[in-house]
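Data block below; observations after.
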Amino acid sequence: MEYDFRKIEKFWQQRWKETNAYKVDNPAPGEEKVKPKYYVLDMFPYPSGAGLHVGHPLGYIASDIYARYKRLKGFNVLHPMGYDAFGLPAEQYAIEHGIHPAISTEQNINNFRKQLESIGFSFDWDREMRTSDPMYYKWTQWIFLQLFQSFYNRKTNKAELIKNLIAVFEQEGNVSYQIPNSQFPIPVFSADEWNSFDEASKQNILMEYRLVYCGYGEVNWCEALGTVLANDEVINGVSERGGYPVTKKKLRQWYLRITEYAERLLEGLENIEFSEAMKEMQSNWIGKSTGAEINFRISGSDETLKVYTTRPDTIFGVDFMVVAPEHEILKKIVTEKHAEEVAAYIDYTKTRNERERMAEKIITGCFTGAAALNPFDLREIPVWISEYVLAGYGTGAIMAVPCSDERDFKFAKHFNIPITNIIGDKFNGEEANATKDAELENSNFLTGMLMEDAIRIMLKEIEDLGIGKRKTNYKMRDAAFSRQRYWGEPIPIVWRTARQTTENKLTAGGNGIAYPLDENELPLELPYMEEIKPAINGEGPLSNNKEWLYSPSTGGSWREASTMPGYAGSSWYFLRYMDPHNDKEFCDKRISDYWNQVDVYVGGTEHAVGHLLYSRMWTKVLYDLGYISFDEPYKKLVNQGMIQGSSRFVYRLVMKKQEGVDEDLKERITTPIFFSFKIFDKFKNGEINDEELMILVNENSGDRIFDLIPRNKVFYLDLNPIHVDVNIVDGVELNIKEFKKSKSEYANAVFILEDGKYICGTAVEKMSKSKLNTVTPIDPANPDNQDTIVVKYGADTFRMYEMFLGPVEQSKPWDTKGIEGVHRFLRKLWRLFYDEQKNLSRQGGSKIWTEEKETDAELKVLHKAIKKIEEDTECFSFNTAVSAFMICVNELTELKCSKKEILEPLLILLSPYAPHIAEELWNTLGNTNSILDVPFPKLNETYLVETTKEYPISINGRLRTTMLVASDASDKEIKKMVLENDVVKKWVNDKTIKKFIFIKGKMINVVV
RNA sequence: GCCCGGAUGGCGGAAUUGGUAGACGCGUCAGACUCAAAAUCUGGUAUCAGCAAUGAUGUGCAGGUUCGAUUCCUGUUCCGGGCACCA
């Protein structure tokens, strides 16, 4: 009987569904200790319209294998799947095509689900959830309220309820709980002051403490998308999604006060298993630096300029100061003489957006006329302005030490500011040297000291003299938490008009006070809107919906119209899977205590600084507030590599005109003409010219297409590479028939071949629809399409092939050329059970497996496989495990072993990788239970003991021969044997033996 | 510019703490079966020289440490990823 994978896979998928084979139960109260838990999680997908391509399942297959493996190992395994269903693309699609996001998202999810099911994943679909479901985002909003009603207590180092803070304010003001953002106009107040503040002022002050807060600040504004983006959503000055320009804009926005967690997010990295690369990306993003804030008095003024530096040891090398163009002090210190110039410079910097600054890297600046006094020797130091100093970092001002900082050096050179050298010959006058190892010169009382030591001494000195203090800074900023979009979670906030008071000018919202909705008003549902378009003033589409906006009309109140960002729902979803149907809480604490942290989290590196940081922070907040018992969500992270697309190109003949030519050249070449790759290559390298191209065309087409082309050098020929759908290319050979069908224009195209074939060019690129290089494992619209991999080879083959491709973490271009080998392996396995030639009934006489007693040789093959596959699966080395399966089946075939006692454990080993065939053959062997829940085979090392070993014998480290040695031979016997060996004798000749190296179990080396 | 990661046959990739480089698969060549094809099976396949035994070379490049280096050290080139005026 032959291996009919389609029938088998369909059958078992249906059976598993009927028997709820993948349903995972939460333990009943008191039963938590019965079975150990294991939580395997995939990063849930954004259900895009393009559906699943072969890159998506890579991580899902890896995690599925691991989950199934852990299940066999006796764990109660949670392995859920869901959808990150809110987001920009669905909304963009709605604007462009008029299809409501709820509808397109639903369709996309259905497609994803169908595709995922056909690959045979062990997801518990009862726990499926989507972030756009009101029953889910009810709790996202609920967590928002917790964040809103909490502050970070720097004394206890955790989040606490804001009402506790209010109680403190009423008793003692904020002397011991200072405002995190020092720019707030009322930095310190007493209890009496607090109690005398009006409601608006109180709320404004509290807003400065809340973990989500509304602020008025510079944000990344994307005009094309009509929304604000978080820092990590902006790549090189353009939006991550869509690549539109991003500018800085001052807007009212909600923020997540993640900066308060900077230190804990950094420390937490030490206790979780993330790759070093991933940890480093996170710690770079957090960007901790330690140093000091130092106050410089301004000469002839009461003002002081506070700077931040990590190198207080270089203070005698300060040649000038630089402040950011936005710095407040400028108003007070700029001299009359320079006022005009400074104003002009500030205006200039306002016209420059982020992108220009990044791209141009030109040195600009302006002298203020003011001078600061070095606090140690009272030397006068000129104060400059430059855009290279950022207002948002440190104090927005620096002390410039050109001999040890490259940017300061360039600035000094550009403006001819004299440079003081404090590091002697370590400074060559050509470039700055940021060393810490130099011995200080020209440095007053620090002269002769090592810089490294001077840093410590200066930190102490600065604090002792009261001219500054130690300071730790972080690059990370608070994350923008509102989006002016429709398709997201509504923010559960109502604004109420504030009485106009003196303090009210501090109001972030301009003319309102933000009040949270009551818990029992959740979910605040996203209203259905027929037309989705941005409102004026940068407000989101929801503010067009007046009915909704003013709906709980208690007079002068209106709803917050922006929605939450994409990362809101994904920040806590791993918790919801634990208790997905709970309508009383986001997750029962008893249940989250049981499932606890995600043991293995599988996903791509692209979320290194976004999603992973945010969800780590949310977890810490929920932990601080006592809702869960762990403060890191993911114990171990496995990053799957990206599967890149392998693009194919055809080269179309086009005519181009020389620059400056006005003549119209439309319709000169009406017939599409395509050249095979080799000809394109030669043409590109100048080995073939225009004329020869034309000859080729005329020879091949029969038509005289080129008669019309004037050869007056005004026009010239070129070959344009055009992406061609990889699915109609076999390797590199174009399927011309299919290609002609792909576009009506191509129906009568001419092809200039090489060796009778049309060969395409290739490139490895990101897999994307526009590059026509996406390959789907299964087409949801046409599930019987023979050209898709799952239909052609089966899900089991597909799963094993994706694993066989190489290490999971590694990125690699998609290529189907090896898939036959994996498929052959499964057939070969099948043939250990059935004679494929005899096509009898399923229970019939074609079966060849037996119940004979196994031999030692067979046991050795089996146990070798158990050892290798268990080890490899445990450490995610799935590619080598697949190869171990192949070796095992090859060896059993060679031994003609079809014995149940050997094959049965092998099937268990295989079931995580190829569950369908394993379950089928398990059933074939007469088992009535499912293979999903049987115990993993136990390794018995005694079968692996070798009585002899073939040792490599080297002379002077060069391999010359090998020798079979009994495992129990003594060193002396071995030496004798080796030296008597003919090959060894030949190489030793009459030389004396200097050394005899014998490493047991490894090798033998004779040194002469 | 800075910080990570990588480079192994025609291809994807294997190689415990330094110990037989190239497992496994693809491709390819030869053969068996077949009227033929498919499927399957057998054998070869790093490079060079040789009929062969065998020898030489070989893990990006140049050195070094070692009895022995894909593995460790120094320098260097190329590729991939991250960050990018963070004082």
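Quick caveat: nothing in here was measured; it's all calculated off a predicted structure. Letters A, B, ... are given to chains in the order of the sequence lines, protein chains preceding strands, and every chain is numbered from 1.
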Would you list the pairs meeting salt bridge (charged side-chain N to carboxylate O under 4.0 Å, His left out) in which at least one residue belongs to residues 274-286 of chain A, sequence neighbours left out? none
Work out how far the C1' atom of B:C11 is from that of B:U16, and round it to whole angstrom. 27 Å
Between A:Tyr345 and A:Thr364, is any side-chain donor less than 3.5 angstrom from a side-chain acceptor? yes
Considering only the P atoms, how many Å lie between B:G5 and B:A56, rounded to the nearest integer? 37 Å
Comparing A:Gln644 with A:Leu805, nearest RNA chain B nucleotide closer to 5' gives the residue A:Leu805
Just how far, in rounded Å, is C1' of B:G27 from CG of A:Asp815? 11 Å
To the nearest 0.5 Å, atom CD1 of A:Ile997 lies from atom CD1 of A:Ile1004 at 11.0 Å
Could you pull out the protein-nucleic contacts involving nucleotides 18-22 of chain B (nitrogen or oxygen on both sides, under 3.5 Å)?
unit_1, atom_1, unit_2, atom_2, d
B:U20, O4, A:Glu950, O, 3.3

C1' spacing across the pair B:G1 / B:U71, given as an integer number of angstrom: 31 Å
Which value, in whole Å, describes the distance between the P atoms of nucleotides B:U66 and B:U77? 28 Å
Rounding to an integer number of angstrom, what distance separates B:G44 and B:G22 when you compare their C1' atoms? 16 Å
Given B:C85, B:A15, B:C41, identify the nucleotide with an atom nearest to the side chain of A:Lys828. B:C41
Exceeds 12 heavy-atom contacts within 6.0 angstrom, atom NZ of A:Lys410: no
Would B:G82 be called syn or anti here, given the cut-off of 90° from 0? anti
Taking CG from A:Asn639 and P from B:G82, how many angstroms apart are they, rounded to a whole number? 13 Å
A:Asp835 CG to B:A39 P: how many Å, rounded? 18 Å
Does A:Tyr308 or A:Arg831 map to a spot on RNA chain B nearer the 5' end, using the closest nucleotide for each? A:Arg831
Rounded to the nearest angstrom, tell me the gap between atom CG in A:Asp319 and atom P in B:A87. 20 Å
A:Lys288 near the nucleic acid: base, sugar-phosphate alone, or nothing, with a heavy-atom cut-off under 4.0 Å? nothing
Over how many whole Å does the gap from A:Glu820 atom CD to B:U40 atom C1' extend? 13 Å
Quick check for you: to the nearest 0.5 Å, what is the distance between A:Phe296 atom CZ and A:Leu305 atom CG? 8.0 Å
Give one of base, sugar-phosphate or nothing for A:Ser289, where a contact means two heavy atoms less than 4.0 Å apart. sugar-phosphate
Tell me the interatomic distance from A:Ile643, atom CD1, to B:G13, atom P, rounded to whole angstroms. 11 Å
Just checking, any donor-acceptor pair under 3.5 angstrom between side chains of A:Thr880 and A:Asp872? yes
By the 4.0 Å heavy-atom rule, please label A:Pro807 as base, sugar-phosphate, or nothing. sugar-phosphate
A:Tyr3 OH to B:U40 P: how many Å, rounded? 14 Å
OP1 or OP2 of B:G6 versus the side-chain N and O atoms of A:Gln810: is any pair under 4.0 Å? no
Got a sec, which residues hit side-chain hydrogen bond (donor to acceptor under 3.5 Å, both in side chains) with A:Thr893, two or more places apart in sequence or on another chain? none
Say you pick atom P in B:A46 and the same atom in B:A23; how far apart are they, in whole Å? 8 Å
From CE of A:Met281 over to C1' of B:C4, roughly how many Å is that when rounded to an integer? 8 Å
Below 4.0 angstrom from OP1 or OP2 of B:G27, is there any side-chain N or O of A:Lys817? no
Let's see if you can work this out: which of B:G25, B:C4, B:A14 has an atom nearest to the side-chain heavy atoms of A:Phe804? B:G25
Between B:A38 and B:U54 - C1' atom distance, rounded Å: 42 Å
Does a donor on one side chain and an acceptor on the other come within less than 3.5 Å for A:Ser289 and A:Asn473? no
Start with the C-alpha distance between A:Phe320 and A:Phe411, add both sets of side-chain angles, then the distance that settles ring pair (Phe, Tyr, Trp, His ring centres under 6.0 Å), and finish with yes or no. CA-CA 10 Å; A:Phe320 55 100; A:Phe411 192 84; 5.4 Å; yes
Tell me the salt bridge (charged side-chain N to carboxylate O under 4.0 Å, His left out) pairs involving residues 796-806 of chain A, sequence neighbours left out? A:Asp64-A:Arg799
Identify each atom pair where a protein N or O and an N or O of nucleotides 53-57 of chain B are less than 3.5 Å apart, giving names and distance.
unit_1, atom_1, unit_2, atom_2, d
B:A56, OP2, A:Arg960, NH1, 3.0
B:U57, OP2, A:Arg958, NH1, 3.1
B:U57, OP2, A:Arg958, NH2, 3.0

Under 4.0 Å between a side-chain N/O of A:Arg824 and OP1 or OP2 of B:U40, yes or no? yes
Need one value for A:Asn879: base, sugar-phosphate or nothing, where a base atom within 4.0 Å counts as base even if backbone is also close, heavy atoms only. sugar-phosphate
My validator wants the stems of RNA chain B: runs of 3 or more consecutive Watson-Crick or G-U pairs, both distances under 3.5 Å, written as range with range. B:1-7 with B:77-83, B:10-12 with B:24-26, B:27-32 with B:40-45, B:46-49 with B:54-57, B:60-64 with B:72-76
Side-chain donor-acceptor pair present, A:Thr349, A:Glu387, cut-off under 3.5 Å: no
With rounding to the closest Å, how many angstrom separate the P atoms on B:C73 and B:G6? 12 Å
Counting only heavy atoms not in A:Lys975, do more than 12 fall under 6.0 Å of its NZ? no
Would you say A:Lys828 and A:Asn890 are linked by a side-chain donor-acceptor pair, where the criterion is simply a distance under 3.5 Å? yes
Does the side chain of A:Asn1005 come under 3.5 Å of the side chain of A:Ser954 through a donor N or O and an acceptor N or O? no
Look at all strands and tell whether A:Asn890 reaches a base, only sugar-phosphate, or nothing, counting heavy atoms closer than 4.0 Å. sugar-phosphate
